[in-house]
Amino acid sequence: MSDTSQDQPVVDENHLIAERRAKLAKLRETGQAFPNDFRRDALADDLVTLYGERESAWFDANVIDVKVSGRMLAKRVMGKASFAKIQDHSGQIQLFLQQTALADTYEAFKGWDVGDILAGEGTLFKTKTGELSVKVTTLRLLVKSLRPLPDKWHGLSDHETRYRQRYVDLIINAESRKVFSTRTRIIKYLRSFLDAMDFMEVETPMLQVIPGGATAKPFVTHHNALDMQMYLRIAPELYLKRLIVGGFERVYEINRSFRNEGLSTRHNPEFTMVELYQAYADFRDLMDMVERLLHGLCDTILGTRSIEWEGQQLDLAQPFQRVTVEDMVVQYTPGIERDKLRDVGYLRTWCDQLKIAYKDNDGAGKLQIEIFEKTGEHRLIQPTFVYSYPAEVSPLARRNDADPFITDRFEFFVCGRELANGFSELNDAEDQAERFHEQVSRKSDGDDEAMFYDADYVRALEYGLPPTAGLGIGIDRLVMLLTNSNSIRDVLLFPHMRPET
RNA sequence: GGGUUGGUAGCUCAGUCGGUAGAGCACUGGACUUUUAAUCCAUUGGUCGUGGGUUCGAUUCCCACCCAACCCA
């Protein structure tokens, strides 16, 4: 519990809340206002599944006693009989309440509010209209809700409130609950997929002395006892590869990383990735794995490999297209000449033309990627692997054997968005040391996204990293794809927001 | 970072060519023993995002700012 006495926030109050507070005050006078001695023995949706199809007469011959509880979402008082709909985590079921059966409790119920949490005990039956309901013999108020719920018909549509008060969104919007249960199913599938391949799930530091594994701005924090600056990780990569050095040949981690960047429909400062590393594999093995994983997810989660996303029809049934970065640059930049793609001066003239800003020390590889991101990336709607990324922008990836300008690295795009990034790992310690030096000189030239030199990581490589391939998949974006969500905030339970004013 | 749109009752939304603001639902009171957004009758409810400016008067016009959504970089 935190101490808020210093600056007690002013909470919005209104007559609706005042009335409910008065009701709560009366409850306190008559006994325990927040009882916790009721135990239900049935869930709403289980009852509907088990008994929903039974005829009305069946219930006359079979007395089914149930104890249910949940939040009241509808209340219809009709004189000496009433209906209430309660919702538990499985679904909803209707309660039928009669004055003759409930006496004083019935009168009390008339004063209870939508949003209150009730417990009902009684027998199952079907109403005239055929809705499975509980004819209640004992009714209790378990929790008095002090705040009114949104409009029962229009619901809650205001994005800001849905994100800031997700609990209200979850009470009201079934679609929202669905997105998050799907998110959990996706992550469960991913775990079982990797576990079945004998991968081991591990946890590595989020609080790091040297943030590594990606080019991004880190969050900075401070460790008081050690009096030192620390960082929230931007990726788990370097620790996971240390584990491969240690002999755990297949490892993965599903957890948060943090990047100190702006907010958008595609970016949250903290986001979830799976990173996995597999010894004795290369980047092509990982492209195959991504394909199998996506197929399995489609089959298991959606039941189809044809996805509608933002009005676009995506075909995930076929093997995914595989093309090189230079192919993409040529294809989506009409007029650019393939045999000059490694000529810095030539690429600069294209950057000028495309209004792409570049730095003096940007080489051909960096400029290629800038051009691709400007002209090609957003056009990769159907699932596509783009591979052969320049070594210049891939400081942790293994160089291609035939062409040292590029690495054995790919990124995977769907809907014009990067969903995954994988490569054959650089396991030449001396090459890695050189690449770190390059990054450090970029950093001293003012590139605050450039990497730090991680001497311990180089030392680990010097013991020998087996030939290894590594992959990272953005879980939030994957969930967006599979739930047809167009904003990352729709797949994060508590997305980052600016403070309320 | 740039552009567009929005912020009015608890919720969903109207509206005011500048004269202290409305509806539906919710709430409160009443009627009603099989409802499904129950229905019917009668009420209650607002610092019109915040701060300035213009004006006799601003929720409305102007400026700045805050928050959000969407698009672009």
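The sequence lines fix the lettering, A, B, ..., with proteins before strands; numbering per chain opens at 1.
In this entry the distance linking NZ of A:Lys152 with P of B:C25 reads 8 Å, nearest Å. Regarding A:Tyr163, its OH atom lies at a distance of 11 Å from the C1' atom of B:C70, rounded to whole Å. A:Gln98 places its CD atom 13 Å from the P atom of B:U35, with the value rounded to the nearest Å. The distance from atom CD1 of A:Ile356 to atom C1' of B:G1 is 17 Å, rounded to the nearest whole Å. At whole-Å resolution of the value, CD1 in A:Ile17 and C1' in B:U28 are 16 Å apart. Counting to the nearest Å, the P atom of B:G10 and the CG atom of A:Asn14 are 5 Å from each other. Across the protein-nucleic acid pair, A:Phe109 atom CZ and B:U33 atom C1' stand 14 Å apart, rounded to whole Å. Spacing between atom NZ of A:Lys110 and atom P of B:G29 amounts to 11 Å, rounded to whole angstrom units.
With distances taken from any side-chain atom of A:Thr127 to the nucleotides B:U35, B:C11, B:A26, the minimum falls on B:U35.
A:Phe372 and A:Phe413 have their aromatic ring centers within a separation under 6.0 angstrom. A centroid separation of 6.0 Å or more is found between the aromatic rings of A:Phe125 and A:Phe59. Residues A:Phe283 and A:Phe423 keep their aromatic ring centres 6.0 Å or farther apart.
Among the atoms of the strands shown, none is found under 4.0 Å from any heavy atom of A:Val114. As judged by a 4.0 angstrom heavy-atom cut-off over every strand, A:Arg489 is placed among residues touching the sugar-phosphate backbone only. A:Lys355 comes within 4.0 angstrom of no nucleic acid atom, judged by non-hydrogen atoms across all strands. As judged by a 4.0 angstrom heavy-atom cut-off over every strand, A:Gly262 is placed among residues making no nucleic acid contact.
The two residues A:Ala216 and A:Arg259 make their nearest non-hydrogen contact at CB-CD, 3.5 Å.
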